[in-house]
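See structure below.
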Amino acid sequence: MRLFTDLAELPAEPAPSAVTVGKFDGVHRGHRWLLSRLVEEAASRGLEPAAVTFDRHPLSLITPSSEPEPITSLPQKIELLEETGLGSTLVLPFDDELAGMGPESFVRDLLVDALRMKLIVVGRDFRFGAKGAGDVALLRELSTTCGFEIVIADDEMAEDERSHAERRASSTWVRELLSTGDVRAAAEVLGRNHVVRGEVVHGAKRGRELGFPTANLSPDLEGLIPADGVYAGWFRGGETSAPAAISIGNNPTFDGVPRKQVEAHLIGETVDLYGLIAEVEFVERIRGMEKFDSIDALKERMALDVDEAADTLGGSYVV
């Protein structure tokens, strides 16, 4: 996949393209279905499948107080988009100029002229241009004067996708599920397990003192952190891939621990991980965060957490 982060980077004579536009936060199951339709339609017409997305959520500029926390970082989003078979992705900086671009200009100048768009694949609720003034009805009018086709993907959605879940897949739904710690349900909407990524840094080493050493991720990490609690999941960093019992929170048994600390105890592994960029993948929530009356009670509960994580992950691990 070719990646462009500025209109000036586009070739002077780009290949005729099939385009879709969106924030694609999380690149969830609904996004993937839309992108797969784009790739199929592009292939049938000999066009390059291209996605147009943004470097930040539009609300970060329009109403910052309403901006939702991103499910994925921009680098994570680009990696996920690349997996869908796109030929190219254009990441636009969402600035005042783009926010003020009228819908007709957005289509004519950006999509048709800059990308040589011959086909656009969107959902029926697609909005575009300043203040979301453009809709599918306007897009149909512009298709006649600008010479491109439209595929409304919702109209051709597969029956199993329509009935897969209780509501339509959305980034909002994923955030709701992660905020309650329901990572298994979030995985259903995403189409994969949720992942956060960051550097392994030195912590207070309390886990090591308790007999359960952990890899602590820097607070400056990529991906939306689920609700406080203990989870079963996977740790991947460098050449290490291991099942893990993952703790998120401020560890209320001890004072002075920062909020939303992500710690992973690798089950059956003891390796030096400091400085590595690692991913933590969430499979199942074991319990919420608790405060224990004694260190012995905490250690007993941690041992049970590790056993339950190992059982959840379906393996016979040396604990």
Side-chain angles (χ1 to χ4, degrees), residues 1-27 30-58 61 72-130 132-154 156:
M1 182 184 78
R2 295 184 299 167
L3 176 65
F4 304 101
T5 57
D6 192 285
L7 288 173
E9 297 175 357
L10 293 172
E13 290 293 330
S17 64
V19 174
T20 192
V21 181
K23 297 184 289 294
F24 301 119
D25 185 21
V27 194
H31 294 144
R32 287 175 177 270
W33 189 88
L34 176 69
L35 292 163
S36 71
R37 297 292 299 130
L38 173 71
V39 171
E40 290 172 11
E41 297 288 350
S44 70
R45 294 165 174 78
L47 302 172
E48 177 171 50
V52 176
T53 190
F54 313 107
D55 67 344
R56 70 203 76 180
H57 198 288
L61 184 67
T72 52
S73 67
L74 180 57
Q76 285 177 312
K77 178 168 74 170
I78 291 169
E79 291 165 14
L80 291 166
L81 289 174
E82 188 169 14
E83 295 174 1
T84 66
L86 288 168
S88 61
T89 293
L90 172 61
V91 180
L92 293 172
F94 197 87
D95 53 19
D96 289 331
E97 181 179 359
L98 183 60
M101 183 179 288
E104 293 89 350
S105 180
F106 183 85
V107 171
R108 288 197 179 97
D109 299 343
L110 181 59
L111 303 184
V112 175
D113 291 347
L115 293 175
R116 291 187 67 195
M117 182 180 74
K118 301 299 181 183
L119 169 72
I120 187 167
V121 179
V122 295
R124 67 171 65 92
D125 58 355
F126 176 59
R127 310 290 301 196
F128 59 96
D135 57 13
V136 168
L138 177 58
L139 198 60
R140 292 191 190 280
E141 293 178 21
L142 293 170
S143 70
T144 301
T145 58
C146 297
F148 60 85
E149 294 180 73
I150 304 174
V151 168
I152 306 301
D154 292 352
E156 302 174 5

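For the numbers below, each heavy atom of this structure counts, side chains included, while hydrogens, waters and symmetry mates do not.
- Put simply, OG1 on Thr72 and CD on Glu79 are 10.0 Å apart, with the number rounded to the nearest 0.5 Å.
- Here the side chains of Phe148 and Leu139 are in contact, with some heavy-atom distance below 4.5 Å.
- Distance check: Phe54 CZ to Leu61 CG gives 12.0 Å after rounding to the nearest 0.5 Å.
- When Lys118, Met117, Arg45 are each tested for a side chain to side chain contact (heavy atoms under 4.5 Å, CB included) with Glu149, only one passes: Arg45.
- When side chains are defined from C-beta on, Arg140 counts as touching Ile152, because their heavy atoms get closer than 4.5 Å.
- One distance of note links CZ of Phe106 with CG of Leu142; it measures 11.5 Å at 0.5 Å rounding.
- Distance check: Leu34 CG to Leu38 CG gives 7.0 Å after rounding to the nearest 0.5 Å.
- Between the Thr53 side chain and the Lys23 main chain, a donor and an acceptor come within less than 3.5 Å of each other.
- Residues Leu115 and Val52 meet the side-chain proximity criterion, which asks for heavy atoms closer than 4.5 Å.
- A side-chain N or O of Thr5 and one of Glu9 form a donor-acceptor pair less than 3.5 Å apart.
- A 4.5 Å side-chain heavy-atom check between Arg2 and Pro14 finds every atom pair outside the cut-off.
- Between Pro49 and Gly85 the shortest heavy-atom distance is CG-O, 3.9 Å.
- No donor-acceptor pair under 3.5 Å is formed between the side chain of Lys77 and the backbone N or O of Asp55.
- Annotation: side chain to side chain donor-acceptor pair (under 3.5 Å) contacts involving residues 82-104, sequence neighbours excluded, comprise Arg32-Glu83.
- The two residues Ala18 and Leu47 come nearest to each other via the heavy atoms N-CB, 3.8 Å.
- Contact between Pro103 and Ala133 at its shortest, heavy atoms only, is CG-CB, 4.1 Å.
- Residues Val21 and Phe128 form no side-chain contact, since every pair of their non-hydrogen atoms from C-beta on lies 4.5 Å or further apart.
- By the 4.5 Å heavy-atom criterion applied to side chains, Leu92 and Leu110 are counted as neighbours.
- Contact of the Val39 side chain with the Leu35 side chain is not registered, since no non-hydrogen atoms from C-beta on lie closer than 4.5 Å.
- In this structure, CG on Asp25 lies 14.5 Å from CZ on Arg56, to the nearest 0.5 angstrom.
- One finds the CG atom of Leu80 at 11.0 Å from the NE2 atom of His31 (value rounded to the nearest 0.5 Å).
- Looking at heavy atoms from C-beta onward, Val19 lies out of side-chain contact with Leu119 at the 4.5 angstrom threshold.
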